[in-house]
**Student:** 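If you scroll down you'll find the structure; I have some questions about it.
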Amino acid sequence: MLARLTMRARHHTIELSPFMPESQPLTSLGPGPRVRFAPSPTGFLHVGSARTFIFNWLYARHNGGTMILRLDDTDVERNSQSSVDSIFKGLKWLNLSWDEEYKQSERIELHRKTAWAIFEKGLAYRDFTPAHTGDAEKSGAQGTWLFNPGAREVSREESDRRAAAGEPFALRFRVPRESGQLVRFNDAVYGEPVKAGADIEDFALLRSDGMPTYHLASCADDADLRISHIIRGQDHLTNTFKHVLIFEAAGFAPPQFAHLPLLVAPDGTKLSKRRHGSVVSVTTYRDAGFLSAAFINFLCLLGWSPKNDRENMSLEELKEVFSLEGINRSNAVVNFKEPAATPEEAFDPKAVWLNAEHIRGLPVEDLSTRLLPIVRGAGFNVTPEKMLRITPLIRERIKLLSEVLTAADFIFVDQLPPYDPAELIPQKGDMAMAAKVLARAREVLAGIEFKHDPLDQALRAAALELGVKAGQMFQPIRVAVCGRKNAPPLFETLEVIGREITLKRIEDALQKIV
RNA sequence: GGCGCUAUCGUCUAGGGGUUAGGACGGAAGAUUCUCAAUCUUCAAACCCGGGUUCGAUUCCCGGUAGCGCUACCA
């Protein structure tokens, strides 16, 4: 009894999301399928979980159904409010809405009721065996554990008596394993998996503190919430046999299942924070400068295919073509690189490419608004108007939003960082040519309109006069103005930078030569 | 260990009894441009192994192997 109180006291109160529309009563069930995403708040939102959420969402929205978010928080030891917050943070970035929201810790009475109903039918029994110490089991040689010796044979009378006397027990499902019984279910992805009851252990329904286990809570809620399709990770495929047993024992028809192939690391192992670091967290993608639409697009291509060679797709298109038939059965590698030289290299090259594609597909105004906070966040004072003029210069040159800082750095800073004067030397030229070009440019640019066409004409004419190639004319100017050889096209750049700063930087370059 | 699932280029995938096994990313080469990027063209790159069924298997079946998952009073 004391132990139970301690447990209760330790249980965290978990707040529901602030961006949830009022939850509707179940009395008005819509027509379409009802699907749910049921994360357990034990850490941040994982990319694998995000994909599960996305597939559920796509299925619901494609079919005019209902998307439900349920916090599976029956593990009081490992849940935390900060995990809940962090999961919502990830979901918020994904920007996909849900229609109803629940948390399991508020529905414990329902779970218990379901468990005891199963017990009353004789399909579950009290197990008074003390709990295993999990660690010993894990490290030791594994046998096949199915049930604790003698536990299922305790008579109902003795069971009731010991329970009444206060002896702690777990409630276990009495798996039918006699006479070669088979358990089967229908899976939209894996067909009809079958397993012998003889190979399923007597799993727990209720812990000795009276709290429901995941299997029980999940099934009781799925039934109560009228979930029609359970779309979840393949790590639950084997658990599903137990779930089917629960549904049937409790008198519910099992829903349609669809198990998704797992997302794995390049080494083939399941993605985990401990082993693979922050690349498995959704917010890492957000912070690195991914567009959520591109991230969603990328995730959809892992384990699912539209079968028509389309890859770059908007959310709208994905919603249009998504179907369970396109899901395949083998694990997909998220091809990230562990020690990465640049942020871009850390991610799956296809994710980066898709992001670049989505960036290029964005209207300039839209892109500009997304870029502005990043630039300002880095401490640069840029007006929205200026940002709007900068954006076209870099739109085709950045793969991640955050790269705006390196792609347009020379526009944001007042003072160019130091560069090697040798950079000013044009192809097949020398320092004297650089000096000649810059001196002439200084004169020409002093009295010309800073617009693309006039700049183009004047500078080309100057090259002709000087007897140098156009490229030899442009390159020293580019380096003088941008501080490096690789930069956006010259005339557009000068237009944005303006006469004053351009002349100043050319002057500075000339000083370096002398 | 037991049980379940899976197996096509480096990666994501299409395909399916007879195909030059298709696409994409990445890689290489070239074209184009004032550099870079973008764009375009070209190239290299795959059916895990062994049996069977069959006139013919990468495709169907069986076995092996490998990988993954589950095997908790975690989810």
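Just so it is clear: chains get the letters A, B, ... in the order the sequence lines come, proteins before strands, and each one is counted from 1.
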**Student:** Once you apply a heavy-atom cut-off of 4.0 Å, does His215(A) come out as touching a base, just sugar-phosphate, or nothing?
**Tutor:**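 It contacts base atoms.
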**Student:** Asn328(A) has an atom CG; how far is it from atom C1' of G15(B), in whole Å?
**Tutor:**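 Asn328(A) atom CG is separated from G15(B) atom C1' by 13 Å.
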**Student:** Determine the contact category for Glu311(A): base if any of its heavy atoms lies under 4.0 Å from a base atom, sugar-phosphate if only primed atoms, P, OP1 or OP2 are that close, otherwise nothing.
**Tutor:**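 It contacts base atoms.
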**Student:** Walk along nucleotides 43-48 of chain B from 5' to 3' and tag each nucleotide B, S or - by protein heavy-atom contact under 4.0 Å, base first, then sugar-phosphate.
**Tutor:** ------
**Student:** Please say whether the positively charged group of Arg70(A), taken as NZ for Lys or CZ for Arg, lies over the ring of Tyr102(A), i.e. under 6.0 angstrom from the six-membered ring centre and within 45 degrees of the axis.
**Tutor:**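 Verdict for Tyr102(A): no cation-pi partner in Arg70(A).
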**Student:** Counting just side-chain N and O atoms, does Lys307(A) come under 4.0 Å of either OP1 or OP2 of A14(B)?
**Tutor:**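 Yes, Lys307(A) has a side-chain N/O under 4.0 Å of OP1/OP2 on A14(B).
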**Student:** Ignoring hydrogens and geometry beyond distance, is the side chain of Asp235(A) in donor-acceptor contact with the base of A75(B) at under 3.5 Å?
**Tutor:**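 Result: no qualifying N/O pair found.
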**Student:** Can you tell me, in whole Å, how much space there is between the P of U71(B) and that of A28(B)?
**Tutor:**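 U71(B) and A28(B) have their P atoms separated by 45 Å.
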**Student:** Identify whether any heavy atom of Asn308(A) sits under 4.0 Å from a base atom; if not, whether one sits that close to sugar-phosphate; answer base, sugar-phosphate or nothing.
**Tutor:**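 The answer is nothing, as Asn308(A) stays clear of every strand by at least 4.0 Å.
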**Student:** Using atom types as modelled, flag every donor-acceptor pair under 3.5 Å from a side chain in residues 37-48 of chain A to any protein atom, sequence neighbours excluded.
**Tutor:**
from: His46(A); atom 1: ND1; to: Gly48(A); atom 2: N; distance (Å): 3.0
from: His46(A); atom 1: NE2; to: Leu271(A); atom 2: O; distance (Å): 3.2

**Student:** Using purine N1 to pyrimidine N3 plus N6-O4 or O6-N4 for Watson-Crick, or N1-O2 and O6-N3 for G-U wobble, each under 3.5 Å, what pairs with G1(B)?
**Tutor:**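 Here G1(B) is engaged in a pair, and the nucleotide opposite it is U71(B).
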**Student:** Using the P atom as the reference point in each nucleotide, state the distance between C9(B) and G23(B) in Å, no decimals.
**Tutor:**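 Going atom to atom, P in each nucleotide, I get 16 Å.
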**Student:** Using a heavy-atom cut-off of 4.0 Å across all strands, would you classify Pro130(A) as base, sugar-phosphate, or nothing?
**Tutor:**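 Pro130(A): base contact, heavy atoms under 4.0 Å.
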**Student:** Applying a 4.0 Å non-hydrogen cut-off, can you work out what Leu490(A) is touching in the nucleic acid: base, sugar-phosphate, or nothing?
**Tutor:**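 Leu490(A): base contact, heavy atoms under 4.0 Å.
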**Student:** Heavy atoms only, 4.0 Å cut-off, all strands: where does Pro489(A) land among base, sugar-phosphate and nothing?
**Tutor:**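 Pro489(A): base contact, heavy atoms under 4.0 Å.
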**Student:** What about Arg329(A), does its side chain sit under 3.5 Å from the base of C5(B) through a donor-acceptor pair?
**Tutor:**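 A donor-acceptor contact between them is absent.
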**Student:** Quick one: does Thr238(A) reach the base of C70(B) with a side-chain donor-acceptor pair under 3.5 Å?
**Tutor:**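 Counting by modelled atom types and ignoring angles, no donor-acceptor contact under 3.5 Å is found here.
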**Student:** Considering every strand shown, what is the Watson-Crick or G-U wobble mate of A24(B) when both distances are under 3.5 Å?
**Tutor:**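 U11(B) is the nucleotide pairing with A24(B).
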**Student:** Check whether any side-chain N or O of Thr74(A) sits under 4.0 Å from OP1 or OP2 of A75(B), and answer yes or no.
**Tutor:**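 Yes.
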**Student:** Anything under 3.5 Å between a protein N or O and an N or O of nucleotides 38-40 of chain B, put it in a table, one pair a line.
**Tutor:**
none

**Student:** Rounded to the Å, how far apart are Arg78(A) CZ and A75(B) P?
**Tutor:**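 Roughly 8 Å, once rounded to whole Å.
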**Student:** Which part of the nucleic acid does Gly233(A) contact within heavy-atom distance under 4.0 Å: base, sugar-phosphate only, or nothing?
**Tutor:**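 Here Gly233(A) touches no strand at all.
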**Student:** Could you check which of U6(B), G2(B), C73(B) has an atom nearest any side-chain atom of Tyr190(A)?
**Tutor:**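 Selected nucleotide (nearest to the side chain): U6(B).
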**Student:** Are there any protein N/O atoms within less than 3.5 Å of an N/O atom in nucleotides 19-22 of chain B, and if so, which ones and at what distance?
**Tutor:**
from: G22(B); atom 1: N2; to: Asp309(A); atom 2: OD1; distance (Å): 3.3

**Student:** Taking any strand in view, what nucleotide pairs with U59(B) in a Watson-Crick or G-U wobble way, both distances under 3.5 Å?
**Tutor:**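 WC or wobble partner does not exist here.
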**Student:** Partner of A31(B) by Watson-Crick or G-U wobble geometry, both contacts under 3.5 Å, or none?
**Tutor:**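 Partner of A31(B): U39(B).
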**Student:** My understanding is that a pair needs two contacts under 3.5 Å, Watson-Crick or G-U wobble. By that rule, which nucleotide pairs with U54(B)?
**Tutor:**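 Its partner is none (no Watson-Crick or G-U wobble pair with both distances under 3.5 Å).
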**Student:** At less than 4.0 Å, is any side-chain N or O atom of Arg460(A) found next to OP1 or OP2 of C34(B)? Yes or no.
**Tutor:**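 For C34(B), OP1/OP2 do have a side-chain N/O of Arg460(A) under 4.0 Å.
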**Student:** Please determine whether a side-chain nitrogen or oxygen atom of Asn312(A) lies at a distance below 4.0 Å from atom OP1 or OP2 of A24(B).
**Tutor:**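 Checking A24(B) against Asn312(A), no side-chain N or O comes under 4.0 Å of OP1 or OP2.
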**Student:** Applying a 3.5 Å limit to both distances, which nucleotide forms a Watson-Crick or G-U wobble pair with G16(B)?
**Tutor:**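 No nucleotide pairs with G16(B).
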**Student:** Do any pairs count as a side-chain hydrogen bond (donor to acceptor under 3.5 Å, both in side chains) and have a residue in residues 472-481 of chain A, sequence neighbours left out, and if so which ones?
**Tutor:**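 Applying side-chain hydrogen bond (donor to acceptor under 3.5 Å, both in side chains) to every pair that reaches into residues 472-481 of chain A, excluding sequence neighbours, yields Gln475(A)-Arg478(A).
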**Student:** Between the protein and nucleotides 64-68 of chain B, list the N/O to N/O atom pairs that are separated by less than 3.5 angstrom.
**Tutor:**
from: C68(B); atom 1: O2'; to: Asn331(A); atom 2: OD1; distance (Å): 3.0

